Amino acid sequence: MIESIQFTNFKALRQTRLPLAPFTLLLGPNGSGKSSVLQALCAIAGIVNNSPDNQLNRTSLLSVSAENRNEAVELRLTLRLKSQPIIATFQWERSRPPVCSLQHDNGKEIHGELSDLARNWLGRMQVFSLDYCAIAQPVPVNAEAGLQANGRGLSAVLDDLKDNHPEKWESLLKEMRQWLPEYDYILFDKPSPGQKAIALRTKTGRHRIPAEDLSQGTLIALALLTLNYLPSPPSLVGLEEIDRGLHPRLLRNLQDALYRLSYPDNSGASRPPIQVIATTHSPYLLDLYCEHPEEVVLAEKKGLEVEMKQLAQIDHFEDIIGESPLSEVWYSGVLGGVSVKP
Amino acid sequence: MDLKAHSVPAFFSALDGVFRGVHYNADAEGLVVVVDNDNDPLHDSRHDEPGTDSGICRYCRIRKTIQRARNQLKPRRGLPPLRVAIGVAFPAIEAWYLVGVEKVGETAWKAGLPTGCLPRTRLKELVYGTGRPSLELETKCAKQEARRLMSMMTALESAFPVGFGLMAQEMRSWIA
Ligand SMILES: [Zn+2]
């Protein structure tokens, strides 16, 4: 997993260190660099996979607040894979393709198996910014079973689960009935020749509701709960504004599903953990993490700089959260991580 | 520090944590807490007598919450105890803005509010010219009235001797 990321002149993050846990909830005012964190993960996966569409150029990445246009743009990740610490550095220099270097913590370069392992891990990171329209969109019947960043392709993923991974499919249906008790089955539609889309069957009356008629929250919930059943799981998932469109009562289900990604042992699953970084503005979701202050990071703008700190790093955090709900104390601004008038 | 709550219930539920957070902030010397009183009974010096149940007076609730939190916390290292001033605007902060404009203070509101002859809804109309002021308008008026009232402290204190007076007394003692 990634233990921390040091950002240098990267988008909104001029000089910021982000500490990470197997699961991290990232909160902060608009413009405090939450999206920059997720863009960094996309950029890294793009470089490692050599995929041109993901390789952002230096000019677009350079922080507007960098002291001059020649400043280095750099991401420095502290990884731990198979209990080995690895420093992965990504640099965007002028008129050169971005470079990646992997080192041991003593500065020695990493080659061979460990290098392959690290590159494979970094290349399997996936960031989602789910959009209900994209989730509902039909895909070609022969589309590859993969979930795109906006949620497009969900029908192909589900169809693949149904046909090729019946155990996963059954577990997913069971979980869907808990999240969305008004539905009992996922069906597949052919809205036009050569296309497929999902539909949900209502528990009462067994009506077929096509994807385009499902609510925004239902579609987002379906995509989120599918993350636990992806046949080729990512190493890390970044989730932008995770509570968007969800009813507050679903947030507890969401928390369970995300914990199952990052702590599969807890639920008896035998797959490797998937690190999770999720951004939110939801006070309700925040309250669910009050017992795990190491899992919550507050981003705070301080002039041109952004500071990102775990709640657990706030001096006397346990003492401060006495009888008040974490969300209200956060909202008050006494912990930081809210917008402050200049 | 610019501290906020989004509602009165949220204010009371955050207060313990906010006091604790400010207590541990080495840059803070004092905490000023101001809340609308709405329809709750106004604080009375009789509430200060030991054993008097003042469960629904907002001033007493705030004082009690802070006292309890203070007793549970370690003293501030190398710093004097955090000073706290409590203001309770009766029935709402807009009533303070009307000092020098309308002759309406705590006594008038206390009498007029329950009978309906001084309805709470009139306050916003009087101050903002609308019952649905924007945040921008509220902020602008607050700043403007605060500046105006700086030269009218005595009038403000005599119109609102409890809700504003106690806070002013406390804050004056900080300077002394
Ligand atoms: Zn009282």
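None of the values given here were measured: they were computed from a predicted structure. Note that these values count all heavy atoms, side chains included, but never hydrogens, waters or copies made by symmetry. So that the names make sense, note that chain A is the first sequence line, chain B the second, and so on, each numbered from 1.
With chain A as the partner, the residue from B:Thr65, B:Val18, B:Asn25 showing the most heavy-atom pairs under 4.5 Å is B:Val18.
Of all heavy-atom pairs spanning B:Asp16 and A:Ser324, the tightest one is CB-OG, 3.4 Å. Contact between B:Lys4 and A:Tyr331 at its shortest, heavy atoms only, is O-CD2, 3.8 Å.
Atom NE2 in B:His6 sits 6.5 Å away from atom OG in A:Ser327 (nearest 0.5 Å).
At a 4.5 Å heavy-atom cutoff, the contact between B:Ala10 and chain A is made by backbone and side-chain atoms alike. Contact of B:Leu3 with chain A is made through backbone and side chain together, with heavy-atom distances under 4.5 Å.
The shortest distance between side-chain heavy atoms of A:Pro325 and B:Ser13 falls below 4.5 Å. At least one side-chain heavy atom of B:Lys74 sits under 4.5 Å from a side-chain heavy atom of A:Asp319. Counting only heavy atoms from C-beta outward, the side chains of A:His316 and B:His23 never approach each other to under 4.5 Å.
Within 6.0 Å of OH on A:Tyr284 lie no more than 12 heavy atoms contributed by other residues, nucleotides or ligands. When the shell of 6.0 Å around CD of A:Glu182 is examined, it contains more than 12 heavy atoms from other residues, nucleotides or ligands. Other residues, nucleotides and ligands place more than 12 heavy atoms under 6.0 Å from the CZ atom of A:Phe317. Annotation: B:Asn71, atom CG; neighbour count of heavy atoms from other residues, nucleotides and ligands within 6.0 Å is above 12.
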